[in-house]
Asker: 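Before we start, here is the structure in question, set down as structure tokens.
In what follows, every heavy atom counts, from backbone to side chain, and hydrogens, waters and symmetry copies are set aside.
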Amino acid sequence: AADAVADATGALATATAVVSWAVFQGASVTGTGNGLAEFTNDGTISVLADAGAIATGGLADANAGVAVGVRQVVNTPDGMATATVANNGTLHIDAIANASGVTSALANAFVANGLFQSANAAIGTAEPEFTNTATTGVITVDAIANATATGVAVASAVVGGTAATAGVVAQLASGDL
């Protein structure tokens, strides 16, 4: 498990919890050769960013974000770049923000990528590959935001976003595909 938890209570309260990535694999080749990043999940991986803010006199601001749950980057100037993930287990990626304020409350929850793969070969083949076993593989990616106040309350929850590389599963490849 990779957890970031932040809680704040006070007249004005701000809490921020961020997970950059829980699992990272990188392979880089400096000359001619093949690069490989290979990851198999047969168990449970849990990634959580949880922020809670309770303001007793004014603004409550809670922000929770996960950039990437599982990230792979493979680079080679001349050869094959391969990034593979096999999910036979459970992968939970969650961002939860709860804000409760008197005058106002802001809650923001964001997950950019559940899984991000990048395979780059200047000369050669690039292969990002993701396999989720249909009978046993489970992926959940959630962004949950709750805001309550006697005044203004705003809650925002986003999975993915507007970037071309955002989403539950994002794959980039450059080279011969």
Side-chain angles (χ1 to χ4, degrees), residues 1-26 37 39 41 43-56 58-74 83-87 89-120 128-132 137-174:
D3 297 338
V5 178
D7 291 307
T9 302
L12 303 174
T14 299
T16 301
V18 176
V19 175
S20 294
W21 56 72
V23 176
F24 175 77
Q25 287 184 310
F39 179 74
N41 176 32
T44 299
I45 296 174
S46 176
V47 181
L48 173 66
D50 187 354
I54 300 171
T56 58
L59 169 68
D61 184 10
N63 300 284
V66 176
V68 184
V70 177
R71 180 178 181 191
Q72 291 180 311
V73 178
V74 181
T84 64
V85 171
N87 185 43
T90 302
L91 179 58
H92 293 294
I93 301 165
D94 300 308
I96 302 169
N98 293 299
S100 177
V102 175
T103 59
S104 56
L106 304 172
N108 297 294
F110 184 81
V111 178
N113 296 109
L115 169 70
F116 176 83
Q117 293 177 300
S118 176
N120 304 292
E129 180 181 318
F130 172 70
T131 305
N132 191 56
V138 175
I139 299 174
T140 60
V141 179
D142 299 307
I144 300 166
N146 299 294
T148 58
T150 56
V152 177
V154 178
S156 173
V158 177
V159 172
T162 58
T165 59
V168 174
V169 175
Q171 294 177 313
L172 299 176
S174 63

Asker: Using the side chain to side chain contact (heavy atoms under 4.5 Å, CB included) rule, take F39 and I45 through it: C-alpha gap first, then chi angles, then the decisive distance, then the call.
Answerer: CA-CA 12 Å; F39 179 74; I45 296 174; 3.5 Å; yes

Asker: Does A53 have any side-chain contact (heavy atoms from CB on, under 4.5 Å) partners at least two apart in sequence or in another chain, and if so, which?
Answerer: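 Here the qualifying residues are A13, A15, A60, A62.
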
Asker: Quick check: does any side chain N or O of Q72 sit under 3.5 Å from a backbone N or O of G26, one acting as donor and the other as acceptor?
Answerer: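 Not a single qualifying donor-acceptor pair exists.
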
Asker: Please check: side-chain N/O of T90 versus main-chain N/O of V138, any donor-acceptor pairing under 3.5 Å?
Answerer: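 No, the answer is negative, given that no donor and acceptor are paired below the 3.5 Å cut-off.
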
Asker: Taking all non-hydrogen atoms of both residues, which atom of A99 and which atom of A105 are closest, and how far apart?
Answerer: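 It is O-CB, 3.7 Å.
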
Asker: Could you tell me whether the side chain of F130 reaches within less than 4.5 Å of the side chain of L115, counting heavy atoms only?
Answerer: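 Of all side-chain heavy-atom pairs linking F130 with L115, at least one is under 4.5 Å.
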
Asker: Can you see which heavy atom on I144 is nearest to which on A109, and at what distance?
Answerer: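 Heavy-atom minimum between the residues: O-CB, 3.3 Å.
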
Asker: At what distance, to the nearest 0.5 angstrom, does CG of D61 lie from OG of S104?
Answerer: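 The CG atom of D61 sits 8.5 Å away from the OG atom of S104.
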
Asker: So do the side chains of V18 and F110 get within less than 4.5 Å of each other, counting heavy atoms only?
Answerer: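 Heavy-atom side-chain distance check fails, nothing below 4.5 Å.
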
Asker: Give me the atom names and distance for the closest heavy-atom approach of A49 to G65.
Answerer: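 For A49 versus G65, the nearest heavy atoms are CB-O, 3.4 Å.
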
Asker: Tell me the closest heavy-atom pair linking A64 and A95, and the distance in Å.
Answerer: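 Minimum heavy-atom contact is O-CB, 3.8 Å.
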
Asker: Roughly how far, to the nearest 0.5 Å, is CG of N98 from CG of D50?
Answerer: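 Taking CG in D50 and CG in N98, the distance rounds to 7.0 Å.
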
Asker: Would you mind reporting whether L91 and V70 have side-chain heavy atoms less than 4.5 Å apart?
Answerer: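 The answer is yes; the side chains approach within 4.5 Å.
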
Asker: With rounding to the nearest 0.5 angstrom, report the CG to CG distance, L48 to D94.
Answerer: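 CG of D94 is found 6.0 Å from CG of L48.
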
Asker: Any side-chain hydrogen bond (donor to acceptor under 3.5 Å, both in side chains) involving residues 4-16? Give me the pairs, sequence neighbours left out, ordered by first then second residue.
Answerer: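 Listed once each, the pairs would be none.
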
Asker: What's the spacing between I93 CD1 and W21 CH2 if we round to 0.5 Å?
Answerer: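 The CH2 atom of W21 is 14.5 Å from CD1 of I93, to the nearest 0.5 Å.
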
Asker: Are any side-chain N or O atoms of Q117 and backbone N or O atoms of A83, one a donor and one an acceptor, separated by less than 3.5 Å?
Answerer: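 The answer is yes, because a donor-acceptor pair under 3.5 Å joins these two groups.
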
Asker: For A145 and A155, work out which heavy atoms get closest and say how close.
Answerer: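 Looking at all heavy atoms of both residues, the closest pair is O-CB, 3.7 Å.
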
Asker: Measure the CZ-CZ distance between R71 and F24 for me, rounded to the nearest 0.5 Å.
Answerer: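 Result: 5.5 Å between the selected atoms.
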
Asker: Rounded to the nearest 0.5 Å, what separates atom CG in N41 from atom CG in N87?
Answerer: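 That separation rounds to 5.0 Å.
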
Asker: For residues 148-158, which residue pairs qualify under side-chain hydrogen bond (donor to acceptor under 3.5 Å, both in side chains), counting only residues two or more places apart or in two chains?
Answerer: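 Sorted result for residues 148-158: S100-T148.
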
Asker: I need the minimum non-hydrogen distance between G69 and V47, along with the two atoms involved.
Answerer: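 Result for this residue pair: CA-CG2, 4.4 Å.
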
Asker: Does N108 use its side chain to pair, donor to acceptor, with the backbone of N63 at less than 3.5 Å?
Answerer: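 Absent.
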
Asker: Please check if any side-chain donor atom of T140 sits under 3.5 Å from a side-chain acceptor atom of H92, or the reverse.
Answerer: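 Side chains of T140 and H92: pair found under 3.5 Å.
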
